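Contents: one structure, followed by commentary.
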Amino acid sequence: MIAGQDHHRGFRPRSGEPRAERACHASALGAKPCGTMARAETETELNHWADVAAERTLAAHPGLTRITVAAGITPSGVVHIGNFREVITVDLVARALADRGVDVRFLYSWDDFDVFRSVPADAPKADALRGELGRSISSVPDPWGEHDSYATHHIAAFEASIGPLGIRPEFIRQSRAYRAGRYAEGMRAALQKADVIVRIINTSREKNGARSMLPADWLPLAGFCDACGYDDVGFRYDGDWTVHVTCNRCQHEGDTDLRRGGNLKLPWRVDWPMRWGYEKVCFEPGGKDHSSAGGSYDTAQHIVREVYGWSAPQYVGYDFVSLKGAGGKISSSRGGVVTVADCLEVYEPAVLRWLFAGYRPNTEFQISFDADAIKIYEDYDRAVRLAHEPDDGTAKDAKRRAARRTLQLASVDHRKIEPGTPPPEPIGFRHLGVVVQIFGGDIDRVMSHLVERKMVAGALAEAACRQRAVCAWNWITEHAPEEFHYRLREDPVAKPLPPEVAPLLARLVAIIEDVPDGDEDGLGARMKTLAAEGADLKLLYPVVYDLLIARDKGPKLTSLLATIGRTRALALLKASLVPTVTQA
RNA sequence: GGGCCUGUAGCUCAGCUUGGUAGAGCAGCGGACUUUUAAUCCGCGGGUCGCGGGUUCGAAUCCCGCCGGGCUCACCA
């Protein structure tokens with residue numbers, strides 16, 4: 001859930017039991033029969049922060065055969081990459097738990113019974129939306145006209161975007177659960193123990209020097225009018241299953257039987273612990289904005305114990321993800337947010353996962369779409385290479401193991417890299433960015449070009465390369481700084497050539513005609529000969545680049561020529577040669 | 001005002017739980033190879049670990065204080 005926090009010292013309910021029980025769990029893995037070996041391996045290989053959280057969760061629930069982990073977000077606006085940290089954090093811990101032989105249930109609660117409180121800057125039909133303020137986001141019409149509600153619009157977009165990342169939680173929509181009466185018992189418990197809840201919250205407020213207290217007759221209820229749908233309602237509770245609701249807006253009155261469900265819910269601070277108890281949640285992370293004393297996690301952990309007889313879940317706190325350049329917290333109400341789908345345009349799913357898996361959750365980091373994209377891909381490729389190296393008993397083994405574990409958690413299919421196996425040889429993002437431009441973004445041609453030259457082999461590698469090529473093209477067209485842009489001239493231009501350059505260009509043309517199409521090495525050898533004969537290629541290069549790509553510099557010439565092919569290259573180069581056609 | 005997180009090389013971060021002479025990648029510089037935005041490989045430089053105290057034989061690590069940055073404390077989720 002979006003709240004909760006840990007920050008490792010603050011709220012941890014009971015610390016002090018770890019050792020014995022951790023050992024117990026590690027060796028109770030079952031799958032690994034040989035005692036000490038299994039443990040040693042566990043401790044060195046399952047060493048990611050998600051593993052630590054998993055161990056802690058197991059230690060807190062000894063004997064439980066099924067562990068429930070949960071995430072939750074309010075779709076009150078575009079669900080962005082910052083919200084994604086919640087989900088990926090749970091996903092990673094879920095995997096770490098599954099690796100320990102536990103049956104894991106991954107719940108994802110959409111808090112779509114929330115009140116529509118502000119109109120996002122980027123929403124269409126703002127005027128109409130303003131009139132909906134105060135209703136449930138699950139009741140507000142979709143201003144984009146695509147879904148049955150405002151909430152569903154954002155939910156659908158996000159659910160679709162995490163599919164490619166291999167994240168498949170069990171989604172729950174709070175609006176439906178409440179309306180169906182599923183939480184009736186939990187609501188009644190909260191209402192009957194309203195005094196306990198008031199005490200907990202007020203005690204917390206006192207401790208924090210709050211300026212106001214909940215009144216003694218406060219009811220832990222929120223909801224919407226059955227007639228008009230707005231949240232300006234009052235409640236009267238009969239002590240059992242019935243709540244009398246009065247609307248201050250349309251004057252509608254009526255009784256709601258909690259068992260039948262309806263438009264009533266618990267306020268956030270109570271809703272959260274109620275669901276912990278209802279779903280038996282063992283782990284749920286929280287954003288740093290909910291970490292403080294007196295915050296919702298703080299009171300929720302008391303409420304869940306005293307009202308619902310369950311203990312607060314284990315958690316890790318995560319910091320914000322910000323957009324490089326934009327600075328600060330990503331806010332869905334400000335518009336211009338970055339979504340998971342946006343990120344997947346530029347980053348392969350595994351790379352995106354790797355980014356989140358690599359940072360400790362409690363550190364803030366920036367997601368970037370500028371030249372950093374190249375660095376990130378290069379770092380990723382390097383990590384993959386490192387992970388494939390066999391261990392050799394040196395200190396570097398620790399890094400190899402860490403890389404393997406992080407990459408396994410980052411992979412979409414949870415594939416483990418076996419040390420000593422040959423690493424894949426992906427084409428670098430930077431290079432791909434050049435290639436893809438040479439073909440004007442025609443990915444099919446990029447692929448056949450690469451396959452013909454045996455730079456990519458095998459169906460898997462091809463699929464991976466194609467995906468990366470698409471990302472590279474998206475990056476080039478949408479984000480890359482100007483210096484990365486290359487564009488092959490469509491039509492040849494005839495440029496006046498300095499007298500000393502013309503013969504050189506003629507020689508180059510001759511070489512191209514002579515060497516088999518696409519034979520980069522052959523070209524290279526002939527160029528070398530040319531230089532050895534005393535030709536000053538430094539004079540030639542700028543001219544050639546200009547004729548080809550309208551710049552004075554460019555990718556390594558032999559690669560460029562080999563890539564664009566003889567026909568196109570000759571057409572572009574010969575145009576300037578006409579007056580001085582010498583011998584080839 | 002209370003609480004939590006955070007401040008380590010130019011940049012991004014690891015190390016802090018279980019004190020023992022400061023780490024990685026990138027960038028920079030040098031070299032090899034290669035005829036040039038490049039790739040790969042080798043090497044180098046670079047940090048008073050925010051500041052000040054304390055504990056200790058020894059502190060980036062533990063404790064206290066201060067400064068800077070972030071978040072939070074609302075019948076909001």
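Every chain is numbered from 1 and lettered A, B, ... according to where its sequence line falls, protein lines coming before strand lines. Note that the structure is predicted; figures quoted are calculated from it, not measured.
A:S212 comes within 4.0 angstrom of no nucleic acid atom, judged by non-hydrogen atoms across all strands. A:F113 comes within 4.0 angstrom of nothing in the nucleic acid, heavy atoms only.
Of the candidates B:rC75, B:rC76, B:rC5, the closest approach to any side-chain atom of A:R117 belongs to B:rC76. When the nucleotides B:rA74, B:rA77, B:rG25 are ranked by their closest atom to the side chain of A:K265, B:rA77 comes out on top. Which of B:rC73, B:rC75, B:rA77 sits closest to the side chain of A:R269 comes down to B:rC73. With B:rA77, B:rA14, B:rC26 as the candidates, the nucleotide lying closest to the side chain of A:D111 is B:rA77. Of the listed nucleotides (B:rU6, B:rC75, B:rA14), B:rA14 has the atom at the smallest distance from the side chain of A:R360. Looking at the side chain of A:K375, the nearest of the listed nucleotides B:rC13, B:rA77, B:rG25 is B:rG25.
Within the 3.5 Å criterion, the main-chain N or O of A:S109 finds no donor-acceptor partner in the side chain of A:R275. In this structure a side-chain-to-backbone donor-acceptor pair under 3.5 Å is missing from A:D231 to A:R135.
In summary, the aromatic rings of A:H244 and A:F235 are positioned with their centroids too far apart to meet the 6.0 Å limit.
Following rounding to the nearest Å, A:E389 (CD) and B:rC41 (C1') show an atom-to-atom distance of 14 Å. One atom, CG of A:D379, and another, C1' of B:rC13, lie 11 Å apart when rounded to the nearest Å. Between the P atom of B:rU12 and the CH2 atom of A:W354 lies a distance of 16 Å, rounded to the nearest Å.
Base pairing of B:rG28 is made with B:rC44, judged by Watson-Crick or G-U wobble geometry with both donor-acceptor distances under 3.5 Å. Here B:rG1 sits opposite B:rC73 as a Watson-Crick or G-U wobble pair (both hydrogen-bonding atom distances under 3.5 Å).
Phosphate proximity of B:rC73 to A:S296: absent, as no side-chain N or O sits under 4.0 Å from OP1 or OP2.
With sequence neighbours left out, A:Y230 forms a ring pair (Phe, Tyr, Trp, His ring centres under 6.0 Å) with no residue at all.
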